[in-house]
Number of protein chains: 2
Amino acid sequence: MKSYVHGYTEREAGRLENQSNTLDELLHYDSLWESGDIILEAGCGTGAQTKIIALKNPLCKFVSFDISEDSINKAKAVAYSLGITNVTFRKEDIFKLPFNDGSFDHVFVCFVLEHLHNYKTAIAELKRVLKSNGTITIIEGDHGSAYFTPESRDANLAIQCQVELQRRSGGDANIGRKLYPVLKEAGFECVINSPRMVYVDESNPILEEGFIRNTFTAMIEGIKVEAVSEKLIDGYTFDKGIRDLYKTAEKNGVFCYTFFKATGTKR
Amino acid sequence: MKSYVHGYTEREAGRLENQSNTLDELLHYDSLWESGDIILEAGCGTGAQTKIIALKNPLCKFVSFDISEDSINKAKAVAYSLGITNVTFRKEDIFKLPFNDGSFDHVFVCFVLEHLHNYKTAIAELKRVLKSNGTITIIEGDHGSAYFTPESRDANLAIQCQVELQRRSGGDANIGRKLYPVLKEAGFECVINSPRMVYVDESNPILEEGFIRNTFTAMIEGIKVEAVSEKLIDGYTFDKGIRDLYKTAEKNGVFCYTFFKATGTKR
């Protein structure tokens, strides 16, 4: 498993924690389902999103799974510490789910498809276990949506390394913008893709710290060894790019990034 | 005056018309001032924005000026045809306004700063004629905010030509993201920059036509002769880029662009 895949290192876990705290409202103000609904959360990782959606929907039941047993154990500990009792955690493979057709009222997937070498197969499997008239909700980032001031060629090159590494592992770091055609092609109806733009300037020091520094730049910084060893960039340029990204969180800096939240209905 | 500066050719005028019709609500739902306020609109061009803000604020008085007498005459005709009576149109130079200090309750500037070789001087002049506790509102695009699917290197290169041409004439096609530091540096207080993201997929054929084709792509298409003659790109690559931009308005295409609307108060 490559190091830039979310949720597998300590720093990554901290990063995802920061991300989920500061962006909760933006991404999840409408993550609401009806009382009694049973929701499958695919690729829950260490439970960064699970705790939010489980606490927001106390009368729903969640089945949250991940391929990593280690992540599942951490997610269980988080849920236990928060007194969350409406989630069952399981170790499962998104491509081969042990559930009958039409088992779930809804499916929720957050920051997962971008990493998959064959997300179409995964979505087909998630659709299989979804009830008729059930909905799927997918949240993904899009690294091509990142722009900022001061502008920096080196920062753009460093970000592009992340996009290229993700592409080489079969993923797509720019998948957010594509969720409408992705869900339409998978046969979902009533598809809506809702952009959630994060705009950060010096009037918002919490997001300067929580998003620009500790989420986005930390993520890019984390791929240095791999990017340099794959000869995508030289270490000097990469470091300069990272310094320039940190500058966007200083005086006169501005940083923009957009998450996308798409929903569709199975007929 | 170079051809890609807004509002000077017939096609440009049509393009700006399309833009202002389809994006009215996104940009102007909050373009509201108090009864009796006197508002200076700087760089009104042919009145594409004037008619919107004048009709939304019938109890305000507007003074709308532009450097181009031809544009002013067109703007007057538009206003007359719509029965707008609360606007006085004038030919003026944004760098040398014939108004006393503190003459206006508010200042409104839309799609102007991006073209100016010295926008700081212009903002200082606008601030001079603004009353104490008056507000400035600035709306600008940001070409670096454009991303889409299908992704296309050639489309990105064609867009980059527009950014470079604007830079060579002293403007900044990526100014939208920078409006917070721009207004802070000009000494305004209570500064807020509010992004207005345009997301278009095939569920929105009106914006596919009105924004992707007739606004953004038409604008880029309009710089071909200049971009090629300045040797920024070859004609074949440019044409391919334009074709790829049109593809983003077809099945499975998605286009994203963000306008920025910033406000600040003079103390």
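Lettering follows sequence order; numbering is per chain, from 1.
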Asks: How long is the straight-line distance from CG of D172(A) back to CD of E151(B), given to the nearest 0.5 Å?
Replies: 6.5 Å
Asks: Can you find a pair of side-chain heavy atoms, one from S203(A) and one from V191(B), that are under 4.5 Å apart?
Replies: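 No, too far: nothing below the 4.5 Å cut-off.
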Asks: Tell me, for N252(B) versus chain A, whether the close heavy atoms (under 4.5 Å) come from the side chain, the backbone, both or neither.
Replies: both
Asks: Quick check for you: among D201(A), T149(A), V254(A), which has the greatest number of heavy-atom pairs under 4.5 Å with chain B?
Replies: D201(A)
Asks: Minimum heavy-atom separation for R177(B) and F148(A), please, with both atom names.
Replies: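 Smallest heavy-atom distance, with atoms named: NH1-O, 2.9 Å.
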Asks: Of the listed residues (N174(B), I192(B), V182(B)), which shares the most heavy-atom pairs with chain A below a 4.5 Å separation?
Replies: N174(B)
Asks: Would you please classify the geometry between the Y147(B) ring and the F260(A) ring as parallel, tilted or perpendicular, with 30° and 60° separating the classes?
Replies: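 Rings of F260(A) and Y147(B): perpendicular, over 60°.
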Asks: Rounded to the nearest 0.5 Å, how far apart are CE of M197(B) and SG of C256(A)?
Replies: 10.5 Å
